[in-house]
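Here's the structure we're looking at; comments come further down.
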Amino acid sequence: MNQFQRPSVSSTRDAVYQALKAQILNLELLPGAAISEKEISLTFGVSRTPVRESFVQLSQEGLLDIYPQRGTVVSLIDLALVDEARFIREQLEAAVLRSACEHFPAAGLQALRTNLAMQQACMEQHDYKQMFELDEAFHRAIFEGSRKMNTWAVIQQVNVHLNRTRMLRLATDHHWEALHEQHQQMLHAIVTQQPDAADHLLREHLQVGVADQAMLKEKFPTYFK
């Protein structure tokens with residue numbers, strides 16, 4: 001766990017919460033790992049109160065399991081929650097992508113092209129954390145160009161469970177060519193204004209994760225409920 005740097009803007013509690021959430025998502029804290037208020041307090045150099053409050057918030061999001069008098073562990077990945085998150089994202093993003101195919105700003109197209117170039121470079125570096133961030137940024141740019149950022153915010157509320165499996169998949173398999181190709185095809189569908197093709201591509205893109213889940217559960221059985 002990296003030494004915590006106390007930010008100047010966020011409150012201590014929010015900073016601890018964001019740091020722990022990132023470590024869970026980035027697999028620095030693995031599913032099933034035990035953590036304690038004392039350990040986190042010492043590592044981050046803060047009192048136990050903001051740590052305790054962060055634990056409660058992460059527990060409410062399903063990322064920590066708190067057992068009174070016994071301890072706290074990083075929650076196992078619940079595939080039922082992953083599938084529901086995928087379903088919500090698929091329905092909302094498909095609608096946004098159709099809108100993008102009707103009208104999308106030139107600046108937005110350039111942002112997508114730049115992102116794809118960065119993905120290509122990342123594929124050569126095998127940096128799974130950066131690849132995840134670029135994947136997220138690509139989809140976010142579609143929502144931003146379509147002026148649907150409130151919809152993106154709704155998705156983020158449930159996406160954390162899906163993101164854990166996405167990150168695990170990227171960390172496990174560095175063959176990201178298919179992911180990059182699907183993103184390229186989505187951009188082409190937006191540029192050529194083909195909403196049906198874009199819809200099909202997105203659903204196919206998200207369904208890949210369903211197939212990956214079985215592989216991941218077989219390879220990492222202790223990470224899943």
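Values below: every heavy atom of this structure, side chains too, minus hydrogens, waters and symmetry copies. On a predicted model such as this, the values are computed, not experimentally measured, just so you know.
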Under 3.5 Å donor-acceptor, N26 side chain and E28 backbone: no
Which heavy atom in V74 sits nearest to a heavy atom in L64, and how many Å separate them? CA-CD2, 3.8 Å
L216 side chain near Y223 side chain, heavy-atom distance below 4.5 Å: no
Say you draw a straight line from CD1 of I77 to NZ of K217; how long is it, rounded to the nearest 0.5 Å? 10.5 Å
Answer with yes or no whether the side chains of E53 and Q57 bring together a donor and an acceptor at under 3.5 Å. no
Could you please spell out the steps behind the side-chain contact (heavy atoms from CB on, under 4.5 Å) verdict for L63 and L20? CA-CA 10 Å; L63 294 176; L20 288 175; over 6 Å; no
In the single-linkage hydrophobic clustering (I, L, V, M, F, W, Y; side-chain heavy atoms under 4.5 Å), do I88 and I142 co-cluster? yes
Within one Ile-Leu-Val-Met-Phe-Trp-Tyr cluster: L79 and L168, side-chain cutoff 4.5 Å: yes
How many angstroms lie between CD1 in I66 and CD in Q60, if you round to the nearest 0.5 Å? 8.5 Å
Other residues, nucleotides and ligands only: do more than 12 of their heavy atoms fall within 6.0 Å of CD on E84? no
In a check of side-chain hydrogen bond (donor to acceptor under 3.5 Å, both in side chains) between S75 and each of K225, R164, H161, which one passes? R164
When rounded to the nearest 0.5 angstrom, what is the spacing between CD in E37 and OG in S47? 10.0 Å
side-chain contact (heavy atoms from CB on, under 4.5 Å) assessment of R140 paired with M149: CA-CA 8 Å; R140 185 184 189 280; M149 291 306 294; 3.3 Å; yes
Are Q193 and F104 side-chain neighbours, meaning at least one heavy-atom pair lies under 4.5 Å? no
Between H183 and H139, is a side-chain contact (heavy atoms from CB on, under 4.5 Å) present by the stated rule, with each step listed? CA-CA 9 Å; H183 286 156; H139 290 274; 3.3 Å; yes
Below 4.5 Å, heavy atoms only, C-beta onward: do F224 and T165 meet side chain to side chain? yes
Side chain to side chain, F132 and R169, heavy atoms closer than 4.5 Å: no
How many angstroms lie between CD in Q182 and CZ in F138, if you round to the nearest 0.5 Å? 10.5 Å
Do V191 and L97 land in one hydrophobic cluster if side-chain heavy atoms of ILVMFWY residues count as linked below 4.5 Å? yes
Look at E136 together with R89 and state whether they make a salt bridge at an N to O cut-off of under 4.0 Å. yes
Could you tell me whether the side chain of H205 and the main chain of L179 form a donor-acceptor pair under 3.5 Å? no
Quick check: are there more than 12 heavy atoms from other residues, nucleotides or ligands sitting under 6.0 Å from CE of M123? yes
Could you check whether N115 and Q119, counting side-chain N and O atoms only, form a donor-acceptor pair closer than 3.5 Å? yes
Whether over 12 other heavy atoms sit under 6.0 Å from E181 CD: yes
With a sphere of 6.0 Å drawn around CZ of F220, does it hold more than 12 non-hydrogen atoms of other residues, nucleotides or ligands? yes
Find the distance between CD (Q130) and CG (D135) and round it off to the nearest 0.5 Å. 12.0 Å
E90 bridged to R86 by N-O distance under 4.0 Å: yes
Assigning hydrophobic clusters by single linkage (Ile, Leu, Val, Met, Phe, Trp, Tyr; side-chain heavy-atom cutoff under 4.5 Å), is L206 placed with V158? yes
Grab the two heavy atoms, one from A141 and one from L112, that are nearest each other, plus how far apart they are. CB-CD2, 3.7 Å
Heavy-atom neighbours of R147 CZ exceed 12 at 6.0 Å: no
Closest contact, heavy atoms only, P31 versus L76: C-CD2, 4.0 Å
Go through it in stages, so that I can follow the logic: the residues are N159 and R166, the test is side-chain contact (heavy atoms from CB on, under 4.5 Å), and I'd like the CA-CA distance, side-chain angles, deciding distance and then a yes or no. CA-CA 10 Å; N159 222 24; R166 290 171 57 208; 4.1 Å; yes
At their closest point, which heavy atom of C101 faces which heavy atom of A189, and how far apart are they? SG-O, 3.6 Å
CZ on F55 to CZ on R52, rounded to 0.5 Å: 10.0 Å
Beyond-backbone contact of R13 with V51, side-chain heavy atoms, under 4.5 angstrom: no
Considering non-hydrogen atoms only, spot the tightest contact between A171 and L27 and give its length. CB-CD1, 4.0 Å
Are the side chains of R113 and M118 in touch, meaning some heavy atoms are under 4.5 Å apart? no
Check for me, please, whether L134 and L25 land in the same ILVMFWY cluster - side-chain distances under 4.5 Å, paths through other members count. no
Closest contact, heavy atoms only, K148 versus S99: NZ-OG, 4.2 Å
